[in-house]
Peer 1: 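This structure is in structure tokens; I'll ask about it shortly.
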Amino acid sequence: MTVPESTYRVQLRPEFTFADAAGIAGYLRDLGIGALYASPVLDATPGSTHGYDVVDPTRARPALGGEAARQELCALLKELGLGLVVDIVPNHMSVEVPKANRWWWDVLKHGQGSEYASFYDIDWDRGPLLLPVLGDDDAVGELTVEGDELVYHDHRFPIAPGTETGTPQEIHERQHYRLIGWRRGNAELNYRRFFDITNLAAVRVEDPKVFAETHGEVLRWVADGDVTGLRVDHPDGLADPGGYFRRLRENAPDAWIVAEKILHPGEPLPQSWPVDGTTGYDALREIAGVFVDPAGEPGFTALANELGVKTGYHRVEAEARRLVTDRILVAEVRRIAAQLRDVDPEAARQAVAETMIAFPVYRSYLPEGAAHWAAAIDGARRARPDLAEPLMMLDAVMRKNPDSELATRLQQTSGMVVAKGTEDTTFYRYTRFAALNEVGGNPDRFGLDVEEFHRLAAGREAGYPAAMTTLTTHDTKRSEDTRARMAVLAEVPGEFAQAVRRWTARRGIDEPSLNLLAWQTLVATWPIEPPRLRYYLDKAAKEAKLRTSWTDHDEAFEADVAAWPDDVMNDAELAADVEAFVRRIEGPGYANSLGQKLVQLTAPGIPDVYQGTELWDFSLVDPDNRRPVDYVVRREILARITDGELPEIDASGAAKLLVTHKALKLRQEHPALFRGYRPLRAEGAAAKHVLAYTRSPDLAVAVTRLPVGLEAGGGWHDTMLPLPDGTWTDVLTGRDAASDVAILFDRYPVALLVRGDA
């Protein structure tokens, strides 16, 4: 099996192609990376900036350079000794531009007679395929005919053979599809989609023929040795994730396979999946959490309550999930409920909805993980005792036949409800302390203690040593350095609360949760350009769905939110106050960043470096985190470091690149050092401010945590880190290491130690 020692994620797009990736391959090798990790590379909808909207899985994307450029990139990576990990999307395909997707176009043209009709999860029993693309139903009068196509503004649709005569409206009524108003989609759609995105139609990869057609090209690359690893997007949307992974492993026995499976704290990865682990959101939660001070929780809870931000997490989450079942995924819930025979349709719908609202994890995988299903049913019964009978029948059907259509669809959809309700709604409403509001996170658990971190890290080494670990991805709500600075706020809750009161009085946002989120975001990303912050706050407001949303706009409120960044930064006194506060937390934020980065790069698992984050990166949610990366600057800094420079910890971020490079190079050149895991425990007055462990007997890692509290306590005093016998060298500085922590950390707040000449 080809397991890389590390990966480096790049976001391919028409502005950063296969050739551009080849252009940085040498830099990645010099940085110490083991494999280039690419966003989806198959042909995507025209103009796509991310590639998850695949339209043709049988060819490399022409907008990235096509097959020839792909082959050139692969040849170069092999020459440099780098692997290639490719992101694949088995759950859905884009139908936004029907003609760009020849399979979908054929289904629209020939209906159930199409050879591709079974490729998509369409409920043909409900009549023609509904396409919610019109401004409203009356807009059907705006249809025109051009040749053998129906045209609505920029949208084109095929006309079935033999139906070409008559007015556009008459022709429209004879097709295998119907064009309807876009607002009807959530309630009436008769094809499964990706979450609530009607432009992404779900694909039935559980069908061996569909699997072969959608995976054949990528698997050819694996067989040729061009691709060494696969990152599988959103497996929870599949009918049978376990069966899918077994088939994938059979076809790619030597590939490194990681699944984008979001695990709830304490939830194990299904044992039946033949994968190397997750894509690392569980590791992100643990690593980031150990740098958050639990003592800050009461202060932030009090501030949120004072401002009017709801602090009952589970109540907020239930409300948000109910919004999803009752208004956004209505069609999906009804389709599931229709499978519950001999039950009043409305009672069945409510029973299905309440069960998904109560899910403790993203989904169950019956019969595996039956405890999660039982917890969901119990939660639904407690919330709605009046639904006892339909819930009992639902439970009976699920347990008796976990392969039934009802069971399959409910499990597929529960993950959608959790993702839309929790990640995309609750995390923008429950803004008490936003550093915890991350994919795979649990915002009501304020931080992680050192002993729990050790237990979880040891568990990863024992169970999934080749799982990916990450701190930043294209899906994170905020980048690792943004979170690291935000984590400092947990150490100064009183100071931050006073500042928020002053700032809000001067220029607040008239929605409490967004107001508190905005101030946290501003100090965590300062100095951020107003347009970036404006876009983020607009997205946050619409995702929260409190005062405005993507579909129902409060124009006056949106205008006020849009004006906020400029208003704050153009108010000299207010901006100066914010900047002074940022200067107070900036240094500790840098320490947190270096600490969590070294932990991620050295703890159990295969670390991924998201593009550009080898320097400071204070990004927010996509598309902010997909901005272009300046590799010229990074090459220059790396050259200075390889020449022996030990940079200062300053705004350049060079110190982070030093830590990243030294750790990656050590993994690259001495992989045997990164095996095993044992805690190291400091002793003395400031022992709680040290997180340390060994991997092999010859490698030790130590980092500083809770730096504000450390400074407030007068520093390290007599704190010692007892190291195993022998002479130890700090790889970061080249100096002999000391057990006296004050000496160990006198240059950097982190240390990477090797014993003897190891």
Peer 1: Checking side-chain hydrogen bond (donor to acceptor under 3.5 Å, both in side chains) for the pair D87/S39: CA distance, chi angles, key distance, verdict?
Peer 2: CA-CA 5 Å; D87 197 339; S39 59; over 6 Å; no

Peer 1: Please determine whether a side-chain nitrogen of the Lys or Arg among R506 and D571 lies less than 4.0 Å from a carboxylate oxygen of the Asp or Glu.
Peer 2: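 Judged by the 4.0 Å cut-off on N to carboxylate O distance, R506 and D571 do form a salt bridge.
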
Peer 1: So among Y313, W519, F300, F427, which one has a ring pair (Phe, Tyr, Trp, His ring centres under 6.0 Å) with F433?
Peer 2: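 Exactly one candidate clears the test, F300.
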
Peer 1: Assign the ring pair Y677 / H454 to parallel, tilted or perpendicular, where the plane angle (0 to 90°) is split at 30° and 60°.
Peer 2: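 Rings of Y677 and H454: tilted, 30 to 60°.
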
Peer 1: State whether the side chain of R321 and the backbone N or O of K420 hold a donor-acceptor pair below 3.5 Å, judged by distance alone.
Peer 2: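 Absent.
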
Peer 1: For the residue pair Y362 and T422, confirm or rule out a side-chain donor-acceptor distance under 3.5 Å.
Peer 2: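 There is no such pair between these side chains.
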
Peer 1: Is there side-chain contact between D608 and T469, with heavy atoms separated by less than 4.5 Å?
Peer 2: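 No - every pair of side-chain heavy atoms lies 4.5 Å or more apart.
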
Peer 1: For the CE atom of M486 and the CZ atom of F618, what is their distance to the nearest 0.5 Å?
Peer 2: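 Output value for this atom pair is 11.0 Å.
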
Peer 1: Taking the six-membered ring for Trp and the full ring for Phe, Tyr or His, determine whether the centres of Y8 and Y37 are under 6.0 Å apart.
Peer 2: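 Y8 vs Y37: aromatic centres not under 6.0 Å.
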
Peer 1: Between Y27 and E614, is any side-chain donor less than 3.5 angstrom from a side-chain acceptor?
Peer 2: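 Short answer, yes.
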
Peer 1: Any chance you could measure K477, atom NZ, to S619, atom OG, to the nearest 0.5 Å?
Peer 2: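 Output value for this atom pair is 15.0 Å.
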
Peer 1: Any donor and acceptor pair, going by atom type alone, linking the side chain of D233 with main-chain N or O of V89 inside 3.5 Å?
Peer 2: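 Not a single qualifying donor-acceptor pair exists.
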
Peer 1: Between K545 and E543 (salt bridge meaning N to carboxylate O under 4.0 Å), is one present in this structure?
Peer 2: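 E543 and K545: salt-bridged.
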
Peer 1: Could you give me the CA-CA distance, side-chain angles and deciding distance for R583 and E579, then say whether salt bridge (charged side-chain N to carboxylate O under 4.0 Å, His left out) is met?
Peer 2: CA-CA 6 Å; R583 294 293 169 258; E579 184 166 13; 3.0 Å; yes

Peer 1: If the threshold is 4.0 Å, N to carboxylate O, is there a salt bridge linking R483 and E480?
Peer 2: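 Result for this pair is no, no salt bridge flagged.
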
Peer 1: Cation-pi check, R9 to Y610: give yes when NZ or CZ is under 6.0 Å from the six-membered ring centre and within 45° of the ring axis, no otherwise.
Peer 2: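 Here R9 fails the 6.0 Å and 45° test against Y610.
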
Peer 1: Any donor-acceptor pair under 3.5 Å linking the side-chain atoms of R626 with those of T49?
Peer 2: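 Checked: T49/R626 side chains pair up, N/O donor to acceptor below 3.5 Å.
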
Peer 1: Salt bridge or not for E317 and R322, using N-O below 4.0 Å?
Peer 2: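 Looking at R322 together with E317, the answer is no, because their closest N to O distance does not fall below 4.0 Å.
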
Peer 1: Would you find a donor on one side and an acceptor on the other, under 3.5 Å apart, between the side chain of R501 and the backbone of L303?
Peer 2: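 No; judged by distance alone, with no hydrogens or angles, the pair does not exist.
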
Peer 1: In this structure, is the centre-to-centre distance between the rings of H314 and Y430 below 6.0 Å?
Peer 2: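 Here the rings of H314 and Y430 have centres that are no less than 6.0 Å from each other.
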
Peer 1: Is the shortest side-chain heavy-atom distance between V703 and L594 below 4.5 Å?
Peer 2: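 With C-beta onward as the side chain, the pair stays apart.
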
Peer 1: Would you say T613 and D617 are linked by a side-chain donor-acceptor pair, where the criterion is simply a distance under 3.5 Å?
Peer 2: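 Per modelled atom types, D617 and T613 side chains form no pair under 3.5 Å.
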
Peer 1: Quick one: are D449 and F453 in side-chain contact, heavy atoms under 4.5 Å?
Peer 2: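 Not touching, per the 4.5 Å side-chain cut-off.
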
Peer 1: With a 4.0 Å cut-off, would you call R747 and D730 a salt bridge?
Peer 2: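 Judged by the 4.0 Å cut-off on N to carboxylate O distance, R747 and D730 do not form a salt bridge.
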
Peer 1: How about S48 and R13: does a side-chain donor come under 3.5 Å of a side-chain acceptor?
Peer 2: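 R13 and S48 do not have a side-chain donor-acceptor pair below 3.5 Å.
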
Peer 1: Check E319 with R315, please: is the shortest side-chain N to carboxylate O separation under 4.0 Å?
Peer 2: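 Answer for the salt bridge query: no.
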
Peer 1: Do the charged groups of D630 and R634 touch, with an N to O distance under 4.0 Å?
Peer 2: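 No, this pair does not count.
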
Peer 1: With a 3.5 Å distance limit and no angle check, can you tell me whether N570 reaches the backbone of D566 through a side-chain donor-acceptor pair?
Peer 2: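 Checked: pair present.
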
Peer 1: Which distance, rounded to the nearest 0.5 Å, do you find between the NZ of K539 and the CG of D624?
Peer 2: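 With rounding to 0.5 Å, NZ (K539) is 10.0 Å from CG (D624).
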
Peer 1: Residues in side chain to side chain donor-acceptor pair (under 3.5 Å) with R705, at least two apart?
Peer 2: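 Partners of R705 by the side chain to side chain donor-acceptor pair (under 3.5 Å) criterion come out as none, since no residue qualifies.
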
Peer 1: Has H717 got a side-chain atom pairing as donor or acceptor with G713's backbone, closer than 3.5 angstrom?
Peer 2: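 Yes; at least one donor-acceptor contact below 3.5 Å.
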
Peer 1: Could you verify whether a donor N or O on one side chain and an acceptor N or O on the other, from S652 and D650, lie under 3.5 Å apart?
Peer 2: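 Per modelled atom types, S652 and D650 side chains form a pair under 3.5 Å.
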
Peer 1: Decide whether T470 and T473 meet the rule of one side-chain donor and one side-chain acceptor closer than 3.5 Å.
Peer 2: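 No, no side-chain donor-acceptor contact under 3.5 Å.
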
Peer 1: Relative to the ring of W503, is the ring of F496 parallel (under 30°), tilted (30 to 60°) or perpendicular (over 60°)?
Peer 2: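 F496 and W503: perpendicular rings.
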
Peer 1: Crowded around E573 CD? As in, over 12 foreign heavy atoms under 6.0 Å?
Peer 2: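 Incorrect, the count does not exceed 12.
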
Peer 1: Indicate yes or no: does R547 engage E558 in a salt bridge with an N to O separation below 4.0 Å.
Peer 2: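 No, this pair does not count.
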
Peer 1: Go through the steps for R460 and D282 under the test salt bridge (charged side-chain N to carboxylate O under 4.0 Å, His left out), then give the verdict.
Peer 2: CA-CA 10 Å; R460 180 171 294 104; D282 45 331; 3.5 Å; yes

